[in-house]
Amino acid sequence: MPKQWVRDIEIYYEVHGSGPQTLVMVRGLGSNLCAWYEQTPVLARHFRTVVFDNRGAGRTDKPDAPYSMRQMAADTVGLMDALAIDRAALLGISMGGMITQEFALNYPERLSALILGCTNFGGPTVVQAEPEIISAVMAGANPTPEQRRLQLRASFSDASIEGRPEFLARDEEMRALYPIPPFAFMRQMQAITGHDTGARLGAIKTPTMVMAGRDDLLVPPVNAKMLAEKIPGAILKELPGGHLFFTEFPELFNPLVIEFVRSHP
């Protein structure tokens, strides 16, 4: 099991593929590297692809102490240091997109390209999900039947929920691996609540692509537009699907990632 001490924790990570470019991928709230199942095998055919479990998740250590996006960005760069990765493209989704915003602001010399998916810049001006969606997500692994229905709608488009039962079953199976403990889930959630990069995003000079699912109920896609407007030169791509649009439609998402990373060696 590949683990690496980084600062105060031991991080579980995997390296797939090879190539002249390195892509580091950062997951969101409560999830771990297993949830990249639609991305890792494909992207590893093009890049040296590094995936890992965030602080508090999967097989990484889970200290019961406050977490922050800047702290988890430091975890990410520390892992890169340990793996002798001088520079990489960074792909962050949801909470991972918040972590990678802090990475871009604090370690710009380590980045060749930045891809932000289904995320926002935090603070009082972002567009929040409906309260019942937030409550359902906060229920974590112990939802009521109604909250479970809303959790699905927070993740995927109605079309996939109604018409793709095999897809939903596979996703549930993959995302059930190495579940996050409730206390660590709340530590990550508190870090999300404290996230606010809105006033600093103009300092990002790294080539950036912002992506969103058109039917995202958890992080409404208008946030992607607002995010792209604050980052100089950022491009915006809106795809079909809900919050986890990259899992719903990998055949659309993955080629865009490959093209963007390749165009910024």
Side-chain angles (χ1 to χ4, degrees), residues 25-40 51 53-60 62 64 67 92-99 117-120 122 126-193 195 211-224 238-253:
M25 304 199 295
V26 189
R27 284 298 307 186
L29 172 68
S31 67
N32 59 67
L33 62 80
C34 298
W36 287 121
Y37 63 92
E38 291 285 11
Q39 277 68 55
T40 302
V51 290
D53 295 340
N54 287 320
R55 175 181 295 260
R59 286 164 279 184
T60 287
K62 304 167 183 64
D64 192 2
Y67 300 177
I93 55 92
S94 199
M95 184 187 79
M98 299 175 181
I99 295 167
C118 54
T119 192
N120 64 44
V126 300
V127 179
Q128 300 286 354
E130 293 297 326
E132 61 268 23
I133 293 287
I134 296 173
S135 295
V137 171
M138 290 284 287
N142 299 297
T144 65
E146 174 60 16
Q147 286 174 328
R148 176 57 184 152
R149 185 185 71 82
L150 289 173
Q151 284 180 348
L152 281 175
R153 296 197 69 220
S155 297
F156 303 116
S157 65
D158 289 344
S160 289
I161 293 169
E162 294 165 7
R164 300 173 64 187
E166 292 181 1
F167 161 75
L168 294 181
R170 185 186 182 209
D171 185 77
E172 184 171 5
E173 178 184 356
M174 295 302 294
R175 296 215 291 158
L177 298 171
Y178 310 106
I180 188 170
F183 80 88
F185 182 88
M186 291 308 301
R187 291 297 187 184
Q188 289 192 351
M189 181 62 77
Q190 289 161 2
I192 290 172
T193 302
H195 170 66
M211 307 180 76
R214 293 190 193 107
D215 300 312
D216 190 344
L217 299 183
L218 184 57
V219 181
V222 65
N223 290 290
E238 194 173 272
L239 299 180
H243 188 63
L244 303 183
F245 66 99
F246 50 92
T247 306
E248 271 189 274
F249 297 101
E251 70 279 7
L252 301 178
F253 177 84

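Note that these values count all heavy atoms, side chains included, but never hydrogens, waters or copies made by symmetry.
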Evaluate whether atom CD of E172 has more than 12 neighbouring non-hydrogen atoms of other residues, nucleotides or ligands under 6.0 angstrom away. no
Is any side-chain heavy atom of R27 less than 4.5 Å from a side-chain heavy atom of N54? yes
What I'd like to find out is whether the side chain of M25 reaches to under 4.5 Å of the side chain of I93, using heavy atoms alone. no
Mind running salt bridge (Lys or Arg N to Asp or Glu O under 4.0 Å) on R170 and E38 for me, showing each step along the way? CA-CA 11 Å; R170 185 186 182 209; E38 291 285 11; 3.4 Å; yes
Apply side chain to side chain donor-acceptor pair (under 3.5 Å) to the pair R187 and Y67, showing each step before the final yes or no. CA-CA 6 Å; R187 291 297 187 184; Y67 300 177; over 6 Å; no
Sub-4.5 Å side-chain heavy-atom contact between Q39 and V51: no
With the side chain counted from C-beta on, respond yes when F249 and L239 share a heavy-atom pair under 4.5 Å apart, and no when they do not. no
For the atom pair CG (L217) and CG (L152), what is the distance rounded to the nearest 0.5 Å? 11.5 Å
Heavy-atom side-chain proximity of C34 to R59 below 4.5 angstrom: yes
Got D216 and N223 here, is their nearest side-chain heavy-atom distance under 4.5 Å? no
Residue pair F253 / E248, side-chain heavy-atom distance below 4.5 Å: no
Examine distances only and state if a side-chain atom of H195 and a backbone atom of N120 form a donor-acceptor pair shorter than 3.5 Å. yes
May I have the step-by-step check of side-chain contact (heavy atoms from CB on, under 4.5 Å) for L244 and R175, ending in yes or no? CA-CA 12 Å; L244 303 183; R175 296 215 291 158; 3.4 Å; yes
Tell me whether E146 is salt-bridged to R149, with the criterion being a basic N under 4.0 Å from an acidic carboxylate O. yes
Side chains of Y37 and T247: does their closest heavy-atom pair fall under 4.5 Å? yes
